[in-house]
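What follows is one structure encoded as structure tokens, with my remarks underneath.
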2 protein chains.
Amino acid sequence: MKTDAPDAEPRPYHHGGLFDALVKVAEDVVRETGIHGFSLRECARRAGVAHSAPGHHFGDITGLLTEVAARGFERLTARMQQHRAGIEGPEALERIARGYVDFALGDPVIFVLMFHSDRVERGSPRCQRAGDAAFGELVSAVASAKGDETRDNDMLRFAWAAIHGIAMLLVDGPLMPAGGNRRGGSGELADGTIRRIVHSVVSYVEPASRG
Amino acid sequence: MKTDAPDAEPRPYHHGGLFDALVKVAEDVVRETGIHGFSLRECARRAGVAHSAPGHHFGDITGLLTEVAARGFERLTARMQQHRAGIEGPEALERIARGYVDFALGDPVIFVLMFHSDRVERGSPRCQRAGDAAFGELVSAVASAKGDETRDNDMLRFAWAAIHGIAMLLVDGPLMPAGGNRRGGSGELADGTIRRIVHSVVSYVEPASRG
DNA sequence: GTGTCTATCTGTCCAATGTCAAGTTAATCT
DNA sequence: AGATTAACTTGACATTGGACAGATAGACAC
């Protein structure tokens, strides 16, 4: 690695892997400074390149943060798969949900970035595909929990909403009742909610008549 | 020299109600430009005062946006009460949930601001109190739906998470399955989820043995 | 009316940022 | 080799948030 010293050694004019280096640096900067404090120039500084170099690879801030968000979705997908570990049945959904919450609590700033930042182009193919893959994990787990492959969009929305909601509320923290201090206890706070989600998905019976 | 504005109205040196005027203007600016595009100077411009005037009332950007967020929670509370209209029982929860989602869809940018912006000091007494009041509406509705005043924090988290989650996913839009185009149909997309939430809260039975 | 006090608002200044245009260096192609 | 293209740098510009001193208007005592 290069030294951080102001101008110690003559860096090569061409960085080599600046694209990837910038994305990794950007993740750190976002985590440290928050979405609002993020700056392209700070990323360039840490990567040891000129202040305008990021622009040539990503166009603008949105371009770089969109890539960060897309990789976030990929990591979310991987985390859920890892938690599920091939298991089927109701436990599949429970594990997927726990993976989702774990990811959110482990990387809260990037989790918020992925879903809510107006500096991310969520409609871009890159982001869309990564997001769809993550959603696919949930679809699969819900089907396995129901023991029924028919796709019930209402059910999927319900499950996703509840999982997403508990993750978001834990990440945002202060609104949780009775001292929601986020260190360590948060994961367990989600347990009851996750159990209820699974229970609802497994045991839900379509109401006889709906207006 | 002023007269930068075309209107020849001789504004009084003292605005009179600049605090309130700035908050209202700020809400508009946030809605139009998004959280990222927001700027104090634009607010000052629209309020017809010097660019540094907002600083005297709010300190910095966070101060102003925190006030905007707090008023958002107050409007959310009012909206839920208005939807509920004094009704009791399971329908109370259904109506509260619908009010929550309505508010989110009607003012999506401010809804996101309230929960996720790092430019809002959510721990401030102003914000905390307004948020607690909103949460209180939910607590009351869940109790009414259960027909049981005992407070079940797990249940509350589940209900809030699910409601919050569906609102957030609808606001963020593009991740919804099967063309979640947000035009008009979003409210109905929430219906099935809300029905399931109410159903789960009303009919949930504590699992026999579990920690 | 006159003078003083205080909150409110103005104008100026500074460092930092995003983005654009043009120059410089390295790698690749013919 | 020479030419072409991609990667990166330098320099510049408009805009922002925030800090500051100073101007202004209204309230209040006399």
Next on the checklist: Mind checking if A:His57 touches a base, just sugar-phosphate, or nothing, with heavy atoms under 4.0 Å?
Outcome noted: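 Sugar-phosphate contact only - A:His57 comes under 4.0 Å of backbone atoms but never of a base.
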Next on the checklist: What residues from residues 26-41 of chain A pass a heavy-atom cutoff of under 4.0 Å to DNA chain C?
Outcome noted: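 Listed by number, they are A:Ser39, A:Leu40, A:Arg41.
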Next on the checklist: Near DNA chain C, counting only heavy atoms under 4.0 Å, which residues of residues 58-66 of chain A show up?
Outcome noted: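 Contacts with DNA chain C under 4.0 Å: A:Asp60, A:Ile61.
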Checklist entry - Does the gap between the ring centers of B:His116 and A:Phe115 come in under 6.0 Å? => result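 Not under 6.0 Å, so no.
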Is the closest basic N to carboxylate O distance between [X] and [Y] below 4.0 Å?
{"X": "B:Asp154", "Y": "A:Arg196", "answer": "yes"}
{"X": "A:Glu67", "Y": "A:Arg126", "answer": "yes"}
{"X": "A:Arg71", "Y": "A:Glu74", "answer": "no"}
{"X": "B:Arg45", "Y": "B:Glu42", "answer": "yes"}
{"X": "B:Asp60", "Y": "B:Arg119", "answer": "no"}

Given atom [atom1] of [X] and atom [atom2] of [N], what is their separation to the nearest angstrom?
{"X": "A:His51", "N": "C:dA21", "atom1": "NE2", "atom2": "C1'", "answer": "12 Å"}
{"X": "A:Leu18", "N": "D:dA6", "atom1": "CG", "atom2": "C1'", "answer": "13 Å"}
{"X": "A:Glu42", "N": "C:dA16", "atom1": "CD", "atom2": "P", "answer": "11 Å"}
{"X": "A:Arg119", "N": "C:dT17", "atom1": "CZ", "atom2": "P", "answer": "12 Å"}

Side-chain polar contacts of residues 76-86 of chain B - donor-acceptor pairs under 3.5 angstrom, sequence neighbours left out - could you list them?
{"from": "B:Thr77", "atom 1": "OG1", "to": "B:Phe73", "atom 2": "O", "distance (Å)": "2.9"}
{"from": "B:Thr77", "atom 1": "OG1", "to": "B:Ala134", "atom 2": "N", "distance (Å)": "3.3"}
{"from": "B:Gln81", "atom 1": "NE2", "to": "B:Glu137", "atom 2": "OE2", "distance (Å)": "2.9"}
{"from": "B:His83", "atom 1": "ND1", "to": "B:Arg79", "atom 2": "O", "distance (Å)": "3.3"}
{"from": "B:His83", "atom 1": "NE2", "to": "B:Asp102", "atom 2": "OD2", "distance (Å)": "3.2"}
{"from": "B:Arg84", "atom 1": "NE", "to": "B:Ile87", "atom 2": "O", "distance (Å)": "2.8"}
{"from": "B:Arg84", "atom 1": "NH1", "to": "B:Ser140", "atom 2": "OG", "distance (Å)": "2.8"}
{"from": "B:Arg84", "atom 1": "NH2", "to": "B:Ile87", "atom 2": "O", "distance (Å)": "3.4"}
{"from": "B:Arg84", "atom 1": "NH2", "to": "B:Glu88", "atom 2": "OE1", "distance (Å)": "3.0"}
{"from": "B:Arg84", "atom 1": "NH2", "to": "B:Glu88", "atom 2": "OE2", "distance (Å)": "3.3"}

Next on the checklist: With a 4.5 Å cut-off on side-chain heavy atoms, are B:Asp107 and B:Arg75 touching?
Outcome noted: yes
Item to check | B:Arg45, nearest nucleotide to its side chain (from D:dT16, D:dA19, C:dC20) | outcome: D:dT16
Checklist entry - Could a donor-acceptor pair under 3.5 angstrom be found where the side chain of B:His56 meets the base of C:dT10? => result yes
